[in-house]
Amino acid sequence: MRREHPTTVARPLEQDAANSTAAVAHPNIALIKYWGKRDERLILPWTDSLSMTLDVFPTTTRVRLDPEAAQDEVTLNGEPAAGEVARRITAFLQLVREMAGLDRRAVVDTRNTVPTGAGLASSASGFAALAVAAAAAYGIDLDATALSRLARRGSGSASRSVFGGFAVWHAGPEGATAAQGDLGSYAEPVSAAGIDPALVIAVVNAGPKAVSSREAMRRTVDTSPLYRPWAASSKDDLADMRAALGRGDLEAVGEIAERNALGMHATMLAARPAVRYLSPATVAVLDSVLQLRRDGVAAYATMDAGPNVKVLCRRADARRVAEAVRGAVPDGTVLVAGPGPGARLLNEDRC
Ligand code: PMV
């Protein structure tokens, strides 16, 4: 892990009119999965994970401080947020307020271009964008490492969306104090030499998932006899993945990603009661990926907390892979993504 830089440097707030900021962030898809928390409050994972940030489905989030407001006001995709979504965003804003030493409530307007809660990483782009916009609105100056730590507190996978391209999220030191665990758990970029990847995304069902990833992780860690063996093998997968990325070996990257994801789903299937996100349409796409490989195309599947499948391939093969996947799920939506940028402020909004 690299050396820490100083993180929070408070600077005085400007006038109210200046405290409206907007940020954009993209989802990421893990090639080595995060599955299971060792600390639910701080969102510290049991294992390191590694992902690719996408160039599709951005979330744009605006934050304005309102000196008159008695509570935060959150709008998600144009509708007032309620229930768990509102609760998580308010809890996150409270954390930012504590860091800033400010009490002022916020008006948040967040817009996803990806279906929310469907295992398509809307929480990753959502909390990465919120971390960047809220930190700026509350006048706290955070470097990328500190922003990644902050985004992690909203949703673990959001720590990785702070960065573009490939990023590794360090679990942080186990058995350390809470503060040390928090400090050591952040994402950073990983360089990938000479690969030109695409992820073909098969949206077979865009509806919200029946079991939240939070609940599914908890159940898996608490009850699945396969969880610990998977967590141990995931360490080896990460080392192999870093080596494969370093030498630009797309076949190896894909093989490792596929086995890591299937292993993660195996841990859930063995939970009590089982968590099963994969549907018949998921399996149809997995079959098409196997057929592509038999036909000599390097294509490898990964799935998250939902039935949708992301197929890693060379950009040059993406059209062919997308056609094969479309054939497998004629009712689904198939699109091609590439590596995308990290989270950033939209400067024009800093008025
Ligand atoms: O960050 P969360 O709580 O949405 O968890 C995401 C977990 C997976 O998408 C299944 C895996 C990952 O590493 O992104």
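Order of appearance sets the numbers: ligands from 1, and atoms from 1 within every ligand. In this text, all values refer to a predicted model and were calculated from it rather than measured experimentally. Hydrogens, waters and symmetry mates are skipped; everything else that's a heavy atom, side chains included, is used.
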Pair D72-R97, salt bridge (Lys or Arg N to Asp or Glu O under 4.0 Å): steps then yes or no: CA-CA 12 Å; D72 297 317; R97 279 192 279 270; 2.7 Å; yes

Heavy-atom nearest neighbour in the protein, as seen from atom 7 (C) of ligand 1, with distance rounded to 0.1 Å: Y34 O, 3.6 Å

Under-4.0 Å heavy-atom contact with ligand 1, by part of M217 that carries it: side chain

Electrostatic pair R64:D109 at N-O distance under 4.0 angstrom: no

Result of checking S212, P27, S161, S155 against S123 for side chain to side chain contact (heavy atoms under 4.5 Å, CB included): S155

Shortest reach to atom 6 (C) of ligand 1 by a heavy atom, considering only S157, A305, S212: S157

Contact check: [X] vs ligand 1, nitrogen or oxygen atoms, below 3.5 angstrom:
X: K37; result: no
X: R160; result: yes
X: D304; result: yes

Closest heavy-atom pair and its distance - P197, F166: CG-CZ, 4.0 Å

Ligand 1 contacted by G156 (non-hydrogen, < 4.0 Å): yes

Stepwise ring pair (Phe, Tyr, Trp, His ring centres under 6.0 Å) check, Y186 with H170: CA-CA 6 Å; Y186 56 87; H170 303 289; 5.5 Å; yes

I need the atoms of ligand 1 closer than 4.0 Å to a non-hydrogen atom of [X], numbered in the order shown.
X: W35; result: 10 (C)
X: S213; result: 2 (P), 3 (O), 4 (O), 5 (O)
X: A30; result: 12 (C), 13 (O), 14 (O)
X: S123; result: 4 (O)
X: S155; result: 1 (O), 2 (P), 3 (O), 4 (O)

Between T145 and S148: side-chain donor-acceptor atoms closer than 3.5 Å: no

Any side-chain donor near an acceptor of the partner, D287 and Q291, under 3.5 Å: no

Reference residue T302; test side chain to side chain donor-acceptor pair (under 3.5 Å); the match among H265, R259, K33: K33

